[in-house]
Number of protein chains: 2
Amino acid sequence: MNEERSSSTEDTLGHQFGAFYKIPIEKFFQFALSVDCVILGYHENGLKLLVIERGTEPHKGKKALPGDLVYPAEDMELAANRVLKDLTGLENVYMTQSKSYGQVDRHPIGRVVTVGYYSLISVDRYQPLASSWAANVVWVDVNELPLLAFDHNQIVNQVLATLRERVRLQPIGFELLPKKFTLGQLQELYEAILNTTFDKANFRKKILSMNLLKDTKERQTDVAHRPAKLFSFDKKAYESLRQQGFSFEM
Amino acid sequence: MNEERSSSTEDTLGHQFGAFYKIPIEKFFQFALSVDCVILGYHENGLKLLVIERGTEPHKGKKALPGDLVYPAEDMELAANRVLKDLTGLENVYMTQSKSYGQVDRHPIGRVVTVGYYSLISVDRYQPLASSWAANVVWVDVNELPLLAFDHNQIVNQVLATLRERVRLQPIGFELLPKKFTLGQLQELYEAILNTTFDKANFRKKILSMNLLKDTKERQTDVAHRPAKLFSFDKKAYESLRQQGFSFEM
DNA sequence: TCAACTTTTAGTTAATTTTACCATAACAAT
DNA sequence: ATTGTTATGGTAAAATTAACTAAAAGTTGA
């Protein structure tokens, strides 16, 4: 399509949208926009990705991120929430924008640019399978990702890379755990995301010394050994500490 | 425009692009895409942003990021480079994608979604003012940003936030310096970006102990005091160290 | 009720890194 | 030669991290 492009340079001198000079403005409004949601959860000692099975071409039958086209007068964040709800039943999920993907040939129906959104959710708060009427919504382990539709593997990998960076400098790991959790669970989570191991005693000392955890005075139940204390993340404490210059680091 | 939207849910069950059922596909291809470039440089002890002065409405006369519409068959990265060259004369700048901005009313001519791109450049390698024929290309201090056109302030602030995170975990600060630099310059740069101060002796020890700098055996000239050694960033050393598990941290 | 077992939790010490300084060296300018 | 300024090398205290030991607290099953 680039044959339409103005090849001389003078006509765009110092202007945005300088291409108006040669090409009717309508020619530029030929893009579609979509959103794709990367929803990560943590179960059974592993990080999991929520995917749907596509029922239509292209890529029919393949697993894919929940995603769809954005309406021309719809804001992107709202679209992401609408699409996620329609496809998985999940509601009120706070998502963060990731990167955009605009390869010219990424979609056969035309120029579709997609914007990635991601969220970390606690499985006990969201039960997509139960509340959703959508077909084939499943969790897959991020370490055993199948070949996904479109460029969705790329989107997921970008989110995972961002997550591994962010999780070290911001206390976002807690979003993956239930409201009440043990230090052991927290440690397993960090070990899973960062793919390392920590000394148990030192991990507990470090995290407790940050004063970010509230002791719920409750304990684990249904375990065949001494039950661990249950803690919860103290968001208010974190906010006030952060204002005093404290910076989380893992 | 959302009155066109299907309000029932059954028709999108389990499908991407399920909205096809009710709305003709053409209705979705009404977006335009643009790119906006956040070019950061470092001079006179400060971080500077490259802006142009808009010659056309909307926002005529205001300072703005170099940016323009993407052609329907043009890849986004190429568009970013084309636009940057057309508006500022800068060529071969490797840019990284930042976030996208799609507020419905952000542009009066229609639904224009813009993708931010950014790059850190060394001022001695690029002289946009000299090589560019574009009108009014200027550097402004990021700490004294004027009110920019559109949502460009938001775009810049997002890039700065990303930069401040990335610069601590990746050796990208060097991209802002000339090929050969003194440890003093490097320290000033980090202090400017992170808005702190470091102990001079400790800073030099820390950075040298990383073995990322090559001693060029040259020294500063034209200074009214003992000239400092000139170093250069050893990219190969960094790559091989990184593979051995080394992780940069500032 | 009691031993066996498992995991939590507390504590101790050595090693390492960070931080705060001090002293001197090297060069330019006068 | 003297003065001023910055680079550079060094040292010691403080703080943090890492490795390890051991006790405590619960469950389970005999």
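It should be emphasised that the depicted structure is a prediction, and the values quoted were computed from it without experimental measurement.
Between the side chain of B:Ser232 and the main chain of B:Lys179, no donor-acceptor pair closer than 3.5 Å is present. Distance alone, capped at 3.5 Å, places no donor-acceptor pair between the B:His152 side chain and the B:Ala64 backbone. No donor-acceptor distance shorter than 3.5 angstrom exists from the side chain of B:Asn153 to the backbone of B:Leu147, with no hydrogens or angles considered. Side chain of A:Asp75 to backbone of A:Glu77: no donor-acceptor contact under 3.5 angstrom is found.
For the pair B:Leu208 CG and D:dA7 P, the computed distance is 13 Å after rounding to whole Å. Across the protein-nucleic acid pair, A:Phe181 atom CZ and C:dT8 atom P stand 14 Å apart, rounded to whole Å. What separates CG of A:Asp199 from C1' of C:dA15 is a distance of 15 Å, to the nearest Å. Per the geometry, CZ belonging to A:Phe203 stands 17 Å off C1' belonging to C:dA10, to the nearest Å.
Using cut-offs of 30° and 60° for the angle between ring planes, the B:Phe203 and B:Phe198 rings count as tilted.
Ion pair A:Glu239/A:Lys236 not flagged as a salt bridge, since none of the NZ, NE, NH1 or NH2 atoms sits closer than 4.0 Å to an Asp/Glu carboxylate oxygen.
Annotation: the span from A:Ile155 atom CD1 to A:Leu49 atom CG amounts to 11.0 Å, rounded to 0.5 Å.
Of the residues in residues 187-194 of chain B, not one places a heavy atom less than 4.0 Å from an atom of DNA chain C. Residues of residues 242-249 of chain B having a heavy atom closer than 4.0 Å to DNA chain C: none are found. Using a 4.0 Å cut-off on heavy atoms, the residues of residues 210-230 of chain A that approach DNA chain C are A:His225, A:Arg226, A:Ala228, A:Lys229, listed by number.
Counting heavy-atom neighbours within 6.0 Å of A:Tyr94 OH, excluding the residue itself, gives a total of 12 or less. Within 6.0 Å of atom NZ in B:Lys62, more than 12 heavy atoms from other residues, nucleotides or ligands are found, so the atom counts as buried in its surroundings.
Listed pair B:Lys200 / D:dT6 fails the phosphate criterion, with no side-chain N or O lying under 4.0 Å from OP1 or OP2.
The side chain of A:Arg204 sits closest to C:dT8 out of D:dG9, C:dT8, D:dA19. The side chain of B:Asn202 lies closest to C:dA20, out of C:dA20, D:dA7, D:dG10.
Side-chain N/O atoms of A:Lys205 and base N/O atoms of C:dT12 include a donor-acceptor pair closer than 3.5 Å.
Positionally, the nearest nucleotide of DNA chain C for B:Lys206 lies more toward the 5' end than for the other of B:Ala201 and B:Lys206.
Closest heavy-atom contact between B:Tyr101 and B:Lys99: CE1-O, 3.5 Å.
Tested against A:Asp151 for a side chain to side chain donor-acceptor pair (under 3.5 Å), the candidates A:Arg106, A:Gln158, A:Gln103 yield a single pass: A:Arg106.
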